[in-house]
Amino acid sequence: MSEKLLPFTKNQIEEIIKKYPTPFHIYDEKAIRENARNFKNVFAWNEGFKEFFAVKAAPNPYLMKILHKEGFGADCSSLAELIMAQKTGITGEEIMFSSNDTPAPEFLLAKQLQAIINLDDISHISYLEQYAGLPSLICFRYNPGPLKKGNVIIGHPEEAKYGFTREQLFEGYKICKEKGIKRFGIHTMVASNELDANYFVETAEILFQLIAEISQNLKINFEFVNIGGGVGIPYRLEQNSIDLEAMNSGIKKKYEQIIIANGLAPIKLFTECGRYITGPYGYLVSRVLHIKNTYKKFAGLDACMTNLMRPALYGAYHHITVMGKENKPRDFVYDVTGSLCENNDKFAIDRALPKMESGDIVVIHDAGAHGSAMGFNYNGKLRSAELLLRENGEVLQIRRAETVDDYLATLDFKNLSTFRV
Ligand SMILES: *Cc1c(COP(=O)(O)O)cnc(C)c1O
């Protein structure tokens, strides 16, 4: 069982809404920091352990700066994310650049920033060499194929577009060694939102064994192993948090059995989690606009899937609290919807909730990762603001809401009058 607590009361959120109209995302800095410290401490036995926060989960420089202060790097996968890391003061080997189907300018910037470049395909070795030159440290993303089962978000590894096959790994490191590269890392990312600690222990074991084989075979040394992100969070009340201690002790044991026993230590352990780091500490705050009774009961919010797409995209569950009605019986069944002209624009389907009215404040939990980040403009919908609840209770706007002018900014209305049809 997980609890769904809120870092603000109804009165406090009403005060915040007076200044920042709904809908908005609000992040809890205190909880993010505490969670980050705990995450780091769990893996502290590994000298050089580093979490590279997956920027795509919550691409906001304020959050990145907080996490950087806590010792995290940034896992970037696009030009904009690289630039955001740079602007936040995260550069060099504090950036892991894990992209796929990568355009040359992105490799070029990653190289300029001296980021750790994690290649997704063997053909990218020559592409990188041609457009940016080879770096002194290289990492490859491994796709274990049938060795590993995937899940609904990421799919089966064999079907996934990511990574090298096992044979390609041997070949790729050989090519890079022959080209004079001396520093190596290995990476994989095969799960998303996984709550089973063993899954990550198995992943680490597969990588450790590969490191042992490749090191011996090619006479190269590995500096780090990046076991990826994908550590899950309990979206549902009946789910439990992942047992990080078990995950850690399992990985440590495999490290001793494989890495230390083969004389390959020290190897730095890296992770690149997004969801686990900010997911539970971000909330989408919205208001009920309309209650509609037809064949079903609908609670229509002033937020829509532009603000949080996960339910529509994966049928994902997000817990919902109606402020001030936390202790009322949940004896009404609603579809909680947005205003997009798509019938899957629903935050919840057939959800038991207290009786709602127009004006109620609704908080959607666990929206701190892959929430605001997935925002889009279909149907002329605008992305909402992001707020930060600071440790001293102050609220800072860390991204303003989009305006209609923003939406129209890429259109040229000046030439419309002379455009003959
Ligand atoms: C999305 C992604 C992550 C983060 O995934 P989470 O589920 O948020 O931990 C990490 N690495 C890569 C390469 C990704 O694509």
For K254, check salt bridge (Lys or Arg N to Asp or Glu O under 4.0 Å) against everything at least two apart and list the hits. E205

Determine, for E391 against R33, whether the closest basic-nitrogen to carboxylate-oxygen distance falls under 4.0 angstrom. yes

Give a yes or no on whether a salt bridge exists between K50 and E93, defined as a side-chain N under 4.0 angstrom from a carboxylate O. no

Any Lys/Arg nitrogen of E256 or K252 sitting under 4.0 Å from an Asp/Glu carboxylate oxygen of the other? yes

Is it true that atom OH of Y62 has more than 12 heavy atoms of other residues, nucleotides or ligands lying nearer than 6.0 Å? no

Answer with yes or no after comparing the ring centroid distance for H319 and Y235 against a 6.0 Å cut-off, counting only values under it. no

K381 with D345: basic N within carboxylate O range, under 4.0 Å: no

Mark yes when over 12 heavy atoms from residues, nucleotides or ligands other than D331 sit less than 6.0 Å from its CG; otherwise mark no. yes

For atom CG of N343, decide whether the heavy atoms of other residues, nucleotides or ligands shown that lie under 6.0 angstrom number more than 12. no

Are R37 and E34 within salt-bridge range, i.e. N to O under 4.0 Å? no

Sequence neighbours excluded and cut-off under 3.5 Å, please list the side-chain donor-acceptor pairs for residues 129-139, or say none.
from, atom 1, to, atom 2, distance (Å)
E129, OE1, K179, NZ, 3.0
E129, OE2, K179, NZ, 3.4

Check residues 356-368 and write down every donor-acceptor pair under 3.5 Å in which the side-chain atom is one partner and the other belongs to a residue at least two apart or another chain.
from, atom 1, to, atom 2, distance (Å)
E357, OE2, K325, NZ, 3.4
S358, OG, L289, O, 3.0
D360, OD2, K325, NZ, 2.8
D360, OD2, E357, N, 2.8
H365, NE2, T321, OG1, 2.6
D366, OD2, K4, NZ, 2.6

Parallel, tilted or perpendicular, as decided by the 30° and 60° cut-offs, for the rings of Y173 and F140: tilted

